[in-house]
Amino acid sequence: MTNKEIAKAFQYLGQIMELHGENPYKVRSYQNAYLTLRKLDQPLSEMTDEEIGAIKGVGKAISSKIRELLDSGRLQTIEKYEEQTPEGVRELLRIPGIGPKKIRTVWKDLGVESVGELLYAVQENRLLELKGFGEKTQADLKKKLEYYLRSKNRFRYASLDRPGRELLENLKRKGIEVAETGDFRRRCNVLPAIELLVRAEQADRLRDAGLLQRIEAQNGHWEAETADEWPVRVHFAEADEWGNRLLGHTGDEDFLQAFATLDPDGPATTEEA
């Protein structure tokens, strides 16, 4: 894992712990670790445990968690809190400008467990009943929620270009056969995700590479995120069908329907074929 990915894990850990009302000192220590680690010049993966422990603000507990992330790409503490938190509440943490304390208040006091439920509560002025929520706060929250729902799963190509290129390069450096595909490959102005095609036999290797998080298997492909929370969709192809799959996942619907009338003969290992 990169320093940025590890730093983001500590940022998220601090957020989800604050959401559960944990010790403010611990929460602050993880937030400080995020700020420190993201600016670190030397890769943590190249440092010894002693060198990591010597970083200012990184004590024994944080050092051991860094090692856990480097070794497994996971953090059991995060998984423990995620098990206690509804998925919709975790999604609220992704909306800029809504802090864990306010999310905890609407979750615990109003029973809100999703973005849609929170917007409905806002529209009914139910947040005005809560401490810390005035009319101005509620109006600002309504704008943030509506914008989030409008833009959810839709991104400008310019936003996904750089993280997509970095992801491709990092995967190739790890020996994973990968190609861009879908709307991302066609440079569509607006698209849902960085879309990739990977050799099917390298699925485990991809998972272990530590470059993707929140991986969910869905009908033959993966939905995941980069460490910076950019959406990624991964399709898989056997070696002898690589060309067919690359073409099939890249072309838009009208093109593919027209191409099907040509009745191509059998699998193709290359797109050119």
Side-chain angles (χ1 to χ4, degrees), residues 1-45 47 49 51-115 117-118 121-122 127 129-134 137-138 140-141 144-145 148 210 212-214 225-230:
M1 296 183 73
T2 66
N3 289 0
K4 187 178 287 188
E5 291 169 335
I6 293 171
K8 291 287 286 185
F10 281 103
Q11 181 188 41
Y12 177 55
L13 177 57
Q15 289 175 331
I16 201 167
M17 286 181 66
E18 186 175 5
L19 176 67
H20 283 273
E22 295 291 4
N23 186 318
Y25 175 78
K26 281 188 176 182
V27 170
R28 191 161 54 251
S29 70
Y30 293 134
Q31 291 169 341
N32 289 338
Y34 160 69
L35 296 172
T36 299
L37 298 176
R38 70 175 182 163
K39 298 175 183 176
L40 204 62
D41 293 329
Q42 184 179 358
L44 288 160
S45 58
M47 299 172 69
D49 290 347
E51 289 172 330
I52 292 173
I55 298 170
K56 186 178 179 180
V58 175
K60 186 177 180 180
I62 291 176
S63 178
S64 66
K65 285 179 169 57
I66 291 173
R67 177 53 56 193
E68 183 182 352
L69 284 165
L70 288 170
D71 291 344
S72 68
R74 302 164 50 200
L75 206 54
Q76 289 184 356
T77 308
I78 286 179
E79 293 175 353
K80 180 188 76 172
Y81 283 106
E82 286 186 333
E83 289 174 359
Q84 303 169 26
T85 314
E87 184 178 348
V89 175
R90 300 202 305 267
E91 184 180 9
L92 287 169
L93 289 170
R94 303 180 193 177
I95 303 177
I98 309 177
K101 289 182 180 178
K102 280 188 167 54
I103 295 172
R104 175 179 171 81
T105 299
V106 298
W107 176 27
K108 297 299 183 180
D109 294 357
L110 293 181
V112 166
E113 294 191 352
S114 71
V115 177
E117 288 179 8
L118 180 54
V122 167
L127 269 64
E129 309 165 10
L130 305 174
K131 183 179 179 181
F133 287 88
T137 302
Q138 184 174 254
D140 182 60
L141 182 57
K144 287 183 170 68
L145 292 169
Y148 175 80
L212 298 179
Q213 61 183 9
R214 298 187 179 130
E225 292 180 353
T226 67
D228 290 334
E229 298 183 354
W230 295 109

Salt-bridged, Arg94 to Glu225, with N to O below 4.0 Å?
-> yes
Below 4.0 angstrom, N of the basic side chain to O of the carboxylate: do Glu79 and Arg74 qualify?
-> yes
Using side-chain heavy atoms (C-beta onward) and a distance below 4.5 Å, is [X] in contact with [Y]?
X      : Y      : answer
Glu129 : Leu110 : yes
Leu44  : Leu69  : no
Glu229 : Gln213 : yes
Thr105 : Lys131 : no
Val106 : Phe133 : yes
Glu82  : Tyr12  : yes
Glu91  : Tyr148 : yes
Leu37  : Ile66  : yes

Measure the [atom1]-[atom2] distance between [X] and [Y] for me, rounded to the nearest 0.5 Å.
X     : Y      : atom1 : atom2 : result
Arg67 : Ser72  : CZ    : OG    : 11.0 Å
Ile98 : Leu145 : CD1   : CG    : 4.5 Å
Thr77 : Phe10  : OG1   : CZ    : 9.0 Å

Under 3.5 Å donor-acceptor, [X] side chain and [Y] backbone:
X      : Y      : answer
Asn3   : Gln42  : yes
Asp228 : Trp230 : no
Glu68  : Gln76  : yes
Ser29  : Lys26  : yes

Quick one: closest heavy-atom pair of [X] and [Y], and the distance?
X      : Y      : answer
Ala121 : Leu127 : CB-CD1, 3.8 Å
Ile62  : Gly57  : CD1-O, 3.9 Å
Leu75  : Lys65  : CD1-O, 3.6 Å
Ile55  : Leu40  : CD1-CD2, 3.7 Å
Trp107 : Pro86  : CZ2-CD, 3.4 Å

Ring geometry between His20 and Tyr81 (parallel below 30°, tilted from 30 to 60°, perpendicular above 60°) = tilted
For atom CD of Glu87, decide whether the heavy atoms of other residues, nucleotides or ligands shown that lie under 6.0 angstrom number more than 12.
-> no
